[in-house]
Amino acid sequence: QVQLVESGGGLVQAGGSLRLSCAGLGRTFSTYAMGWFRQAPGKEREFVAVVSWGSGSTYYADSVKGRFTISRDNAKNTVYLQMNSLKPEDTAVYYCAASRAVGLPRATTLYNYWGQGTQVTVSS
(Lines give C-alpha, C1' and ligand atoms only; values in the text may rest on other atoms or scores of the structure.)
Protein backbone atom coordinates (compact mmCIF):
# COMPACT_ATOMS: atom_id res chain seq x y z
CA GLN A 1 0.00 0.00 0.00
CA VAL A 2 1.31 3.45 -0.96
CA GLN A 3 -0.26 6.76 0.01
CA LEU A 4 0.68 9.82 -2.03
CA VAL A 5 0.38 13.47 -1.00
CA GLU A 6 1.09 16.26 -3.50
CA SER A 7 2.09 19.82 -2.64
CA GLY A 8 3.56 22.88 -4.31
CA GLY A 9 0.74 23.97 -6.57
CA GLY A 10 -0.41 27.56 -6.83
CA LEU A 11 -0.91 30.59 -9.04
CA VAL A 12 1.95 31.78 -11.24
CA GLN A 13 2.34 34.11 -14.18
CA ALA A 14 3.18 32.81 -17.62
CA GLY A 15 6.90 32.22 -17.93
CA GLY A 16 7.24 31.47 -14.24
CA SER A 17 8.21 28.29 -12.40
CA LEU A 18 6.78 25.95 -9.80
CA ARG A 19 8.06 22.78 -8.19
CA LEU A 20 5.57 20.12 -7.24
CA SER A 21 6.38 17.51 -4.63
CA CYS A 22 4.77 14.16 -3.99
CA ALA A 23 5.48 12.43 -0.71
CA GLY A 24 4.96 8.71 -0.61
CA LEU A 25 4.04 6.84 2.54
CA GLY A 26 5.01 3.20 2.39
CA ARG A 27 8.11 1.08 2.67
CA THR A 28 8.11 -0.01 -0.97
CA PHE A 29 8.04 3.45 -2.55
CA SER A 30 11.37 2.90 -4.31
CA THR A 31 10.03 -0.11 -6.22
CA TYR A 32 7.33 1.86 -8.04
CA ALA A 33 7.57 3.88 -11.22
CA MET A 34 6.30 7.35 -10.41
CA GLY A 35 4.32 9.49 -12.79
CA TRP A 36 2.76 12.92 -12.99
CA PHE A 37 -0.54 13.49 -14.75
CA ARG A 38 -2.77 16.52 -15.13
CA GLN A 39 -6.43 17.20 -15.76
CA ALA A 40 -7.85 20.47 -17.00
CA PRO A 41 -11.57 21.31 -16.65
CA GLY A 42 -13.63 19.40 -19.18
CA LYS A 43 -10.68 17.35 -20.36
CA GLU A 44 -9.43 13.85 -19.72
CA ARG A 45 -6.51 13.19 -17.41
CA GLU A 46 -3.31 13.23 -19.43
CA PHE A 47 0.19 11.94 -18.95
CA VAL A 48 2.91 14.49 -18.16
CA ALA A 49 6.08 12.65 -17.06
CA VAL A 50 7.33 9.41 -15.53
CA VAL A 51 10.49 8.24 -13.77
CA SER A 52 11.32 4.54 -13.52
CA TRP A 53 11.96 2.81 -10.23
CA GLY A 54 15.28 1.24 -11.17
CA SER A 55 17.56 3.22 -13.43
CA GLY A 56 15.80 6.53 -12.90
CA SER A 57 15.04 6.83 -16.59
CA THR A 58 12.50 9.47 -17.53
CA TYR A 59 9.95 10.13 -20.26
CA TYR A 60 7.94 13.27 -20.99
CA ALA A 61 4.88 14.27 -22.93
CA ASP A 62 5.80 16.33 -25.97
CA SER A 63 3.87 19.29 -24.59
CA VAL A 64 6.22 19.63 -21.59
CA LYS A 65 9.50 18.30 -22.95
CA GLY A 66 12.32 20.75 -22.35
CA ARG A 67 10.31 22.71 -19.77
CA PHE A 68 9.48 20.16 -17.06
CA THR A 69 11.85 17.86 -15.15
CA ILE A 70 10.80 14.87 -13.09
CA SER A 71 13.08 13.46 -10.40
CA ARG A 72 12.87 11.24 -7.37
CA ASP A 73 14.63 10.95 -4.03
CA ASN A 74 14.01 7.44 -2.73
CA ALA A 75 15.69 8.23 0.59
CA LYS A 76 12.98 10.83 1.18
CA ASN A 77 10.19 8.84 -0.53
CA THR A 78 9.52 11.89 -2.68
CA VAL A 79 9.12 12.60 -6.37
CA TYR A 80 9.35 16.10 -7.82
CA LEU A 81 8.14 17.91 -10.90
CA GLN A 82 10.08 21.07 -11.69
CA MET A 83 8.02 23.18 -14.08
CA ASN A 84 9.68 26.06 -15.91
CA SER A 85 8.49 28.43 -18.64
CA LEU A 86 4.92 27.78 -17.63
CA LYS A 87 2.12 28.55 -20.08
CA PRO A 88 -1.59 29.20 -19.50
CA GLU A 89 -2.34 25.86 -21.15
CA ASP A 90 -0.44 24.15 -18.30
CA THR A 91 -3.29 25.13 -15.98
CA ALA A 92 -4.74 21.94 -14.46
CA VAL A 93 -4.96 19.78 -11.38
CA TYR A 94 -1.72 17.81 -11.20
CA TYR A 95 -1.67 14.29 -9.82
CA CYS A 96 1.19 12.02 -8.90
CA ALA A 97 0.76 8.28 -9.19
CA ALA A 98 2.64 5.06 -8.47
CA SER A 99 2.84 2.11 -10.82
CA ARG A 100 4.12 -1.44 -10.41
CA ALA A 101 4.64 -1.66 -14.17
CA VAL A 102 8.12 -2.19 -15.54
CA GLY A 103 9.70 0.57 -17.56
CA LEU A 104 8.07 3.94 -18.18
CA PRO A 105 4.30 3.51 -18.01
CA ARG A 106 2.18 6.27 -19.51
CA ALA A 107 -1.39 4.93 -19.41
CA THR A 108 -3.51 5.84 -16.38
CA THR A 109 -4.69 2.23 -16.22
CA LEU A 110 -1.16 1.09 -15.37
CA TYR A 111 -1.07 3.10 -12.17
CA ASN A 112 -2.06 1.55 -8.87
CA TYR A 113 -2.10 4.50 -6.47
CA TRP A 114 -2.99 8.18 -6.90
CA GLY A 115 -2.62 11.33 -4.88
CA GLN A 116 -5.43 13.80 -4.27
CA GLY A 117 -4.08 16.37 -6.73
CA THR A 118 -2.77 19.91 -6.49
CA GLN A 119 -4.03 22.89 -8.50
CA VAL A 120 -1.67 24.75 -10.82
CA THR A 121 -2.96 27.95 -12.40
CA VAL A 122 -0.92 29.92 -14.92
CA SER A 123 -2.14 33.41 -15.71
CA SER A 124 -1.43 35.14 -18.99
Let me confirm one number: the OH-SG distance from Tyr113 to Cys96, rounded to the nearest 0.5 Å. 13.5 Å
Just checking, Arg45 and Trp114: is the charged tip under 6.0 Å from the six-membered ring centre and within 45° of the axis? yes
Could you grab the distance from atom CG of Leu81 to atom OH of Tyr60, nearest 0.5 Å is fine? 7.5 Å
Look at the side chain of Arg72 and the backbone N and O of Ser52, then say whether any donor-acceptor pair between them is shorter than 3.5 Å. yes
Honestly curious: do Tyr94 and Ile70 fall in one hydrophobic cluster under the side-chain, below-4.5 Å linking rule? yes
Testing the 3.5 Å rule here: is there a donor-acceptor pair between the side chains of Thr78 and Asp73? no
Rounded to the nearest 0.5 Å, what's the gap from CE on Met34 to OG1 on Thr58? Could you check? 14.5 Å
Would you check if the side chain of Thr118 reaches a backbone N or O of Gly9 as a donor-acceptor pair within less than 3.5 Å? yes
For Glu6, does its backbone N or O pair with a side-chain atom of Tyr95 as donor and acceptor, under 3.5 Å? no
Transitively linked via ILVMFWY side-chain contacts under 4.5 Å: Leu20 with Val12? yes
With a cut-off of 6.0 Å (strictly less than), are more than 12 heavy atoms of other residues, nucleotides or ligands near NZ of Lys65? yes
Measure the OG-CZ distance between Ser63 and Arg38 for me, rounded to the nearest 0.5 Å. 4.5 Å
Arg106 and Tyr111: side chain donor to acceptor below 3.5 Å: no
Check the pair Arg67 / Lys87 against side chain to side chain contact (heavy atoms under 4.5 Å, CB included), numbers first and verdict last. CA-CA 10 Å; Arg67 300 188 297 123; Lys87 305 175 181 180; 3.8 Å; yes
Are side-chain heavy atoms of Leu104 and Ser57 found at a separation under 4.5 Å? yes
Between Ala33 and Gly103 the two heavy atoms that sit nearest each other are CB-O, 4.2 Å
Check for me, please, whether Phe68 and Tyr80 land in the same ILVMFWY cluster - side-chain distances under 4.5 Å, paths through other members count. no
Would you say the side-chain atoms of Thr91 pair up with the backbone N or O of Val122, donor to acceptor, closer than 3.5 Å? yes
Do Leu4 and Val79 share a hydrophobic cluster, counting only Ile, Leu, Val, Met, Phe, Trp and Tyr and linking them when any side-chain heavy atoms are less than 4.5 Å apart? yes
Identify the two heavy atoms, one from Trp53 and one from Ser30, that lie closest to each other, and give their separation to 0.1 Å. CB-O, 3.3 Å
